[in-house]
Amino acid sequence: MARKNSQNNDFLHNIRKDVTPKIYNIMVELVNRDREDLADHVLKIDYLLTYAANCINIKDFKEARATADRIKARLDILKENDGLDEYLVYLYEGIVKKCK
């Protein structure tokens, strides 16, 4: 079976322009392992990371901490299903450090 990419998969095609290349690569690997549900979690984590970073920029640390808790819950889901990537943990830890 051919490797799935943005040309032959609607999910990847729709999100390609919205995410960074590293996040996109993580999602491609998950989709190719037939774990599109986990790729959807990665997409949501990426959105939450961006939102938390914006909260930190406007000095809304309470909302950033609440968002970090939601990110942690999604990362735990990925960890349980062997879909966790070190890059996502690195981004999460950066957000948590800035929240303090």
Side-chain angles (χ1 to χ4, degrees):
M1 184 172 176
R3 183 171 164 83
K4 295 178 184 174
N5 57 35
S6 64
Q7 293 178 353
N8 59 13
N9 184 287
D10 290 335
F11 176 74
L12 292 174
H13 179 73
N14 292 335
I15 56 107
R16 183 174 182 143
K17 296 176 184 146
D18 298 333
V19 297
T20 62
K22 281 191 173 188
I23 298 293
Y24 180 75
N25 287 337
I26 294 168
M27 295 175 80
V28 167
E29 291 301 320
L30 289 170
V31 168
N32 280 310
R33 291 190 334 203
D34 290 328
R35 295 307 309 257
E36 201 166 311
D37 58 328
L38 294 180
D40 188 46
H41 280 292
V42 172
L43 180 63
K44 291 175 183 174
I45 289 171
D46 183 51
Y47 171 76
L48 289 172
L49 286 167
T50 304
Y51 179 71
N54 288 337
C55 289
I56 290 169
N57 286 339
I58 62 170
K59 309 237 185 284
D60 187 2
F61 297 110
K62 183 178 178 183
E63 184 67 25
R65 281 190 289 277
T67 304
D69 292 340
R70 286 185 264 159
I71 294 169
K72 179 66 174 158
R74 294 225 182 248
L75 287 174
D76 290 340
I77 292 170
L78 287 178
K79 187 176 184 179
E80 291 173 5
N81 294 302
D82 298 325
L84 188 60
D85 189 78
E86 293 176 14
Y87 182 67
L88 293 172
V89 174
Y90 169 75
L91 293 175
Y92 167 73
E93 290 173 352
I95 292 293
V96 170
K97 285 180 185 177
K98 290 180 181 180
C99 286
K100 294 184 179 182

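Residue numbers run from 1 in the order of the sequence given.
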- Item | Note, I45 side chain near L48 side chain (heavy atom, < 4.5 Å) | no
- Query: Hey, what do you get for CD (E29) to OH (Y24), rounding to the nearest 0.5 Å?
  - Reply: 11.0 Å
- Identify the residue among L38, D82, N81, D85 that makes a side-chain contact (heavy atoms from CB on, under 4.5 Å) with L30. L38
- Group every Ile, Leu, Val, Met, Phe, Trp and Tyr by side-chain heavy-atom contacts under 4.5 Å, then state whether Y47 and I58 land in the same group. no
- Message: Tell me every residue that passes side chain to side chain donor-acceptor pair (under 3.5 Å) with K44, counting only those two or more places apart in sequence or in another chain.
- Response: D40
- Decide yes or no on salt bridge (charged side-chain N to carboxylate O under 4.0 Å, His left out) for K72 and D76, but give the supporting numbers first. CA-CA 6 Å; K72 179 66 174 158; D76 290 340; 3.6 Å; yes
- CA sep, side-chain torsions, deciding dist, call: K22, E86, salt bridge (charged side-chain N to carboxylate O under 4.0 Å, His left out): CA-CA 11 Å; K22 281 191 173 188; E86 293 176 14; over 6 Å; no
- Item | Side-chain (N32) to main-chain (V28) donor-acceptor, under 3.5 angstrom | yes
- Could you give me the CA-CA distance, side-chain angles and deciding distance for D37 and R35, then say whether salt bridge (charged side-chain N to carboxylate O under 4.0 Å, His left out) is met? CA-CA 5 Å; D37 58 328; R35 295 307 309 257; 3.2 Å; yes
- Item | Rounded distance (nearest 0.5 Å) linking atom CG of L43 with atom CZ of R74 | 10.0 Å
- Item | Atom OH of Y87: over 12 foreign heavy atoms under 6.0 Å | yes
- Query: Atom CG of L78 and atom CD1 of I26: how far apart are they, to the nearest 0.5 Å?
  - Reply: 9.0 Å
- Query: CD1/I77 to NZ/K79 distance, rounded to the nearest 0.5 angstrom?
  - Reply: 13.5 Å
- Task: Check whether any side-chain heavy atom of L88 sits under 4.5 Å from a side-chain heavy atom of I23, and report yes or no.
- Result: yes
- Task: Measure the spacing between CZ of R65 and CD1 of I56 and express it to the nearest 0.5 Å.
- Result: 9.5 Å
- Item | Distance, nearest 0.5 Å, that separates CG of L49 from CD1 of I71 | 4.0 Å
- Hydrophobic cluster identity match, V19 and V31, side-chain contacts under 4.5 Å: yes
- Treating Ile, Leu, Val, Met, Phe, Trp and Tyr as nodes and any side-chain heavy-atom pair under 4.5 angstrom as an edge, say whether M27 and L84 lie in one connected cluster. yes
